[in-house]
Amino acid sequence: SVAADFTGTIEPTLFDCIETVSTRDNTGLGKFDYIAYPKRLFAGSDSVVAGRFKIKIPVPMDISYRNDEGMLNLFAIDTLGVSAQGYYNNFIVGGTAPSLGDDGKGPQIKMYLNTPDFIDGDEVNSTPCLFVELFDENGINTVGTGVGHDIMAIVDNDKFHTYNLNSAFVPSVGDYRSGTIEYPLSQLGEGEHTLLLRAWDLFNNSSVDTLTFVVVPGLAPEFIDIKVAPNPVEYGQKATFVLTHNRPHSNLDVTIELFNLQGVKMWQHSECMSSASTQCVVEWDVTTSGGRPLPTGVYIYRASLASEGGSMQTKTEKIIVLNNK
C-alpha cells in the first residue's frame, strides 16, 4: 500500500548488466566467483510527494550491450527522517533507441576555484577546491566504462595532478541534464598553473575548458561574512559564531577573542578547523575564559583566520550581553 504520509527525497542508482566477478586471490587462498552489478550508470535524486515519485533516468551509450538483467536501487528519506529502501531488476540493459536527437555538442562547463567570484589568473592557496557546473540537454556521462570518456581535470598536463571526477559529479535534484562537482586539489607548488577539464555527454560528445591560477603558499584566507546569533544574547544561552570564508576543504586556524569596551580580553577560543563548506562554526556559553558570567554590556569580538602558517585575516564586530543574575 502507498505510504501517503511519506514526503521527502528519493535517490535512484541504476546499474549495468549483472556480471560474474572473480576475486584476485590476494591472500593466496584461491580465487572465487560471485555475482554483482559492478558498473554504475546513474545516481541522482528527485522528490517524493505523498508516497509517490516519478524519475527520468538517462542511459549513456557506454553500456555493456550484453542485453542482460540490470538493477535499479532506490533509497528514500522523508522530512521526519523515516527511510525506505527497495530495488527492481526485472528489466534488460542493452540496445540503442532510434531518433535520439544527438546535437553533436559537448556539455556546457563553468568552473572556478574556492569561490564563485574567482577570476581567471587569481591567487589561491596551495590546496584550492575546484567547483564545476555542467549542463547538457542529453545528460552528463559519468559511467567510466568507455575508454577516455571520464570527466577529467588535469593540472599542468601532469599525470600526478590528474583527477577522475566521475564519482564527484552530483546531478541536480530532479534534472539529470545538469549537476555539480566539488573536489579539493592536492598540494600544488608556488607559481602559475593551468587546469584543463574535459566532460562528455551521453552521446560521447566532449567539451574542454581551462583556467589559470597562481598558487601563493600561506595566502591569508578572506572573510566573506561573520555573524553571531542570538544577538543580544542572555547569560544561560549559547551564542553561535559563524565565519564565512573562501577556503572550503582547507585546514584553518580559527581564533575568536572577546573584549570589553576598555580593551580587556574576557574570552578567547582557538582551534584548527577543517570543513567541507565555506563556514566555520564556534559556540560560546556567554562566560569568561575562567567560566565566570559576563555582566550586562556591549562587547567587541574579533575573529581571525589563517592557514598554512601564513598571514592572518581579522574582522571585528559587536555583541550585546544581557545578564539578569
Side-chain angles (χ1 to χ4, degrees), residues 1-21 34-97 99-101 107 131-145 151 165-183 199 201-202 229 238 240 242 248-249 275-279 281 283:
S1 60
V2 176
D5 60 345
F6 194 107
T7 294
T9 302
I10 189 164
E11 298 181 357
T13 305
L14 178 68
F15 293 92
D16 204 341
C17 297
I18 192 169
E19 294 185 17
T20 300
V21 183
Y34 63 98
I35 302 299
Y37 297 88
K39 298 175 182 177
R40 189 183 73 173
L41 298 180
F42 175 82
S45 62
D46 214 317
S47 59
V48 180
V49 179
R52 296 185 181 274
F53 59 91
K54 182 179 180 179
I55 54 179
K56 189 173 183 179
I57 295 176
V59 178
M61 298 187 72
D62 289 336
I63 58 176
S64 61
Y65 293 96
R66 289 178 33 240
N67 295 314
D68 207 342
E69 172 190 300
M71 185 176 73
L72 178 64
N73 186 63
L74 299 164
F75 175 81
I77 187 166
D78 73 0
T79 54
L80 300 177
V82 178
S83 62
Q85 187 171 0
Y87 73 95
Y88 181 74
N89 60 359
N90 188 23
F91 64 94
I92 299 298
V93 178
T96 303
S99 303
L100 290 175
F131 291 86
V132 183
E133 299 173 8
L134 297 174
F135 175 85
D136 192 279
E137 282 290 346
N138 297 305
I140 309 300
N141 190 343
T142 62
V143 178
T145 57
I151 304 175
L165 304 180
N166 288 341
S167 60
F169 179 77
V170 179
S172 301
V173 176
D175 188 357
Y176 66 83
R177 301 173 303 168
S178 64
T180 59
I181 294 171
E182 183 175 331
Y183 195 89
D201 68 9
L202 298 191
K238 284 190 175 181
T240 301
V242 180
H249 295 279
S275 173
S277 71
T278 54
Q279 291 186 333
V281 179
E283 287 194 341

| side chain to side chain donor-acceptor pair (under 3.5 Å) against Asp46, all qualifying residues, sequence neighbours excluded | none

| field | Candidates Ile18, Leu41, Leu14, Asp68 - the one meeting side chain to side chain contact (heavy atoms under 4.5 Å, CB included) with Val93 | value | Leu41

| task | Supply the atom-to-atom distance Arg66 CZ to Glu19 CD, rounded to the nearest 0.5 angstrom. | result | 5.0 Å

| Shortest non-hydrogen separation from Ser47 to Ile10 and the atoms involved | O-CG2, 4.4 Å

| Expected output: side-chain Asn141 to main-chain Val143 donor-acceptor under 3.5 Å | yes

| request: List the atom of Pro58, the atom of Leu202, and the distance in Å for their closest heavy-atom pair. | output: CB-CD1, 3.0 Å

Mind listing the side-chain donor-acceptor pairs of residues 80-87 below 3.5 Å, one per line with the distance, residues two or more places apart or on another chain?
none

| field | Residues that Glu11 engages under side chain to side chain donor-acceptor pair (under 3.5 Å), provided they are two or more places apart | value | none

| query | How about Leu72 and Asn89: do any of their side-chain heavy atoms sit closer than 4.5 Å? | reply | no

| message | Does any part of the side chain of Val48, heavy atoms only, come nearer than 4.5 Å to the side chain of Phe6, both counted from C-beta? | response | yes

| request: Of all the heavy-atom pairs spanning Val21 and Pro38, show the shortest one and how long it is. | output: CG2-CG, 4.4 Å

| field | Qualifying residues under side chain to side chain donor-acceptor pair (under 3.5 Å), relative to Tyr37, sequence neighbours excluded | value | Glu69

| message | Test of understanding: with salt bridge (Lys or Arg N to Asp or Glu O under 4.0 Å), list the residues that count as partners of Glu137, not counting sequence neighbours. | response | Arg177

| task | Would you list the pairs meeting salt bridge (Lys or Arg N to Asp or Glu O under 4.0 Å) in which at least one residue belongs to residues 77-97, sequence neighbours left out? | result | none

| field | Least distance between heavy atoms, Arg40 atom then Ala43 atom | value | NH1-CB, 3.7 Å

| said: How close do Gly44 and Pro171 get, counting heavy atoms only, and between which atoms? | reply: CA-CG, 3.9 Å

| Intermediate values then yes/no, side-chain contact (heavy atoms from CB on, under 4.5 Å), Leu74 and Ile55 | CA-CA 11 Å; Leu74 299 164; Ile55 54 179; 4.3 Å; yes

| query | Which distance, rounded to the nearest 0.5 Å, do you find between the OG of Ser167 and the OH of Tyr183? | reply | 7.5 Å

| message | I'd like to check the ring-ring contact (aromatic ring centres under 6.0 Å, His included) partners of Phe135; sequence neighbours left out, ordered by chain and number. | response | none

| field | Donor-acceptor pair, side chain of Tyr34 and main chain of Ala36, under 3.5 angstrom | value | no

| remark: side chain to side chain contact (heavy atoms under 4.5 Å, CB included) filter on Ile140, not counting sequence neighbours, yields Pro107, Leu134, Asp136, Thr142, Ile151, Phe169

| With sequence neighbours excluded, what pairs up with Ala50 under the side chain to side chain contact (heavy atoms under 4.5 Å, CB included) test? | none

| field | Set of ring-ring contact (aromatic ring centres under 6.0 Å, His included) partners for Phe131, sequence neighbours left out | value | Tyr112

| field | Which residues share a side chain to side chain contact (heavy atoms under 4.5 Å, CB included) with Ser172, sequence neighbours left out | value | Asp175, Ser178

| request: Can you sort out the partners of Arg52 under side chain to side chain contact (heavy atoms under 4.5 Å, CB included), two or more places apart, ordered by chain and number? | output: Val2

| Would you call Phe15 and Asn73 a side-chain contact if the rule is heavy atoms closer than 4.5 Å? | yes

